[in-house]
Amino acid sequence: MAYQRPDARALDQLRDVTIQRRFTSAPGSVLIQAGNTMALCAATIVEDVPDWMKRNGQNPTKGWITAEYRMLPESTLTRKPRMDRPDGRSTEIQRMIGRALRAVFDPEALGPRTVYLDCDILQADGGTRTLCITGACVALIDALNSVRDKLPEPERYPLKDSVSAVSVGLIQDEPILDLAYVEDSAAQVDMNVVLTRSGDFVELQGAGEKSVFNQSQLSTMIAFAQTGCARLAQLQQASLGEAWPFS
């Protein structure tokens, strides 16, 4: 018997996704929701670069993007204690968010500035890291648009492309797209895929949590992720409207 998803979605179907821009007064901010997972992604630009870029008397001409990720105490079924510093999981996720956006970033086009991407999980039901990447990209574009006339070359945009991300997995030997928590916790295989709008791969994070998987299953999971990210890119573009910077 084929696997039946708890919410009756098709195996290759995303959860309902909404993107609300300008949710706060930050230069770029997005409230993004997929099913019951909800994240606030904000982008702030500072007219300075990290100290490590200024060592040995260097005068930096390039910019930087960095990310922070936190889960609010009431975002999970049982309260998650507040911490002054991110735990190991949060550190790993925020590094992934930063890597994903830097993959399409032109640091010289930004000039000596730092973009801080703050991603806070308001409600967690699976796929928090991938949702943050998708939402942070939209927030980043709004923030970059706000300083476009200050860039070294205003006609040279600091992003070469957009990125989005989605989870895929294997349950009862069936590949599925965009796992909610109940599926993620039961998955034989769990994978996160980050893609550019053009279809290039940025990152693949996957493991056989409870079993191995074969080439055919992997190919189907990748195909599901490609379809999902293409749809997410369309939603990103639709949310930005005339602010979309790519042709």
Side-chain angles (χ1 to χ4, degrees), residues 19 26-30 32 34 37 39-46 48-53 55 60 62-71 85-121 124 126-144 157-169 178-179 184 189-207 218 221-222 225-226 228-230 232-233 236 245-246:
I19 300 174
S29 69
V30 162
I32 184 167
T37 295
L40 172 61
C41 304
T44 305
I45 300 178
V46 174
D48 198 4
V49 295
D51 289 341
W52 61 265
M53 294 182 71
R55 288 175 184 160
K62 300 179 181 180
W64 186 250
I65 293 175
T66 189
E68 293 190 9
Y69 169 97
R70 295 290 192 280
M71 297 182 73
R85 295 183 179 182
D87 57 19
R89 177 180 178 275
S90 296
T91 298
E92 184 263 326
I93 291 174
Q94 64 191 31
R95 287 175 177 171
M96 182 182 182
I97 297 168
R99 285 195 306 270
L101 276 302
R102 289 194 297 270
V104 293
F105 175 51
D106 182 348
E108 291 183 346
L110 181 62
R113 300 177 174 87
T114 301
V115 183
Y116 290 92
L117 301 174
D118 292 295
C119 300
D120 293 294
I121 303 302
T128 61
R129 73 187 68 196
T130 52
L131 194 67
C132 284
I133 290 170
T134 302
C137 184
V138 176
L140 174 60
I141 289 171
D142 266 334
L144 293 175
Y157 199 68
L159 287 185
K160 303 169 188 175
D161 206 347
S162 65
V163 295
S164 60
V166 72
S167 65
V168 287
D178 192 14
L179 285 69
D184 183 58
V189 175
D190 182 25
M191 182 176 294
N192 299 297
V193 181
V194 186
L195 288 165
T196 68
R197 178 180 57 100
S198 303
D200 292 324
F201 289 90
V202 175
E203 187 159 343
L204 296 170
Q205 269 191 357
L218 175 61
M221 286 189 287
I222 294 300
Q226 290 171 315
C229 283
L232 291 170
Q236 289 172 319
F246 310 109

Q: Would you tell me whether Tyr69 and Thr91 have side-chain atoms, one donor and one acceptor, within less than 3.5 Å of each other?
A: no
Are any non-hydrogen side-chain atoms of [X] and [Y] less than 4.5 angstrom apart?
| X | Y | value |
| --- | --- | --- |
| Cys132 | Ile121 | yes |
| Leu140 | Leu159 | yes |
| Leu101 | Cys137 | yes |
| Gln236 | Arg197 | no |
| Ile45 | Thr114 | no |
| Leu195 | Val202 | no |
| Arg99 | Val194 | no |
| Tyr157 | Leu144 | yes |

Return yes if some donor-acceptor pair links the side-chain N/O of [X] with the main-chain N/O of [Y] below 3.5 Å, else return no.
| X | Y | result |
| --- | --- | --- |
| Glu203 | Val193 | no |
| Arg113 | Leu110 | yes |
| Gln94 | Glu68 | no |
| Thr66 | Tyr116 | no |
| Ser164 | Cys229 | yes |
| Ser167 | Gly127 | no |

Taking all non-hydrogen atoms of both residues into account, name the closest pair between [X] and [Y] and its distance.
| X | Y | value |
| --- | --- | --- |
| Met221 | Val168 | O-CG1, 3.4 Å |
| Leu218 | Met191 | CD1-CE, 3.7 Å |
| Ile97 | Ala67 | CG2-CB, 3.7 Å |
| Met53 | Gly63 | CE-O, 4.0 Å |

Q.
Using side-chain hydrogen bond (donor to acceptor under 3.5 Å, both in side chains), reason through Arg129 and Gln205 one step at a time and then give a plain yes or no.
A. CA-CA 11 Å; Arg129 73 187 68 196; Gln205 269 191 357; 3.1 Å; yes
Q | Steps toward side-chain contact (heavy atoms from CB on, under 4.5 Å) verdict (Ile65, Phe105) | A | CA-CA 8 Å; Ile65 293 175; Phe105 175 51; 3.6 Å; yes
Q: Report the C-alpha distance between Asp161 and Ser198 in whole Å, list the side-chain angles of each, state the deciding distance to 0.1 Å, and finish with yes or no for side-chain hydrogen bond (donor to acceptor under 3.5 Å, both in side chains).
A: CA-CA 7 Å; Asp161 206 347; Ser198 303; 2.5 Å; yes
Q | Nearest-0.5 Å distance that lies between atom CD1 in Ile141 and atom OG in Ser162 | A | 6.0 Å
**Q.** Gap separating the CZ atom of Arg102 from the CG atom of Leu117, nearest 0.5 angstrom
**A.** 9.5 Å
Q) Among Val166, Leu131, Ile133, Ile32, which residue meets the side-chain contact (heavy atoms from CB on, under 4.5 Å) test with Leu232? A) Val166
Q.
The test is side-chain contact (heavy atoms from CB on, under 4.5 Å); show your working for Val138 and Cys41 and say whether it passes.
A. CA-CA 9 Å; Val138 176; Cys41 304; over 6 Å; no
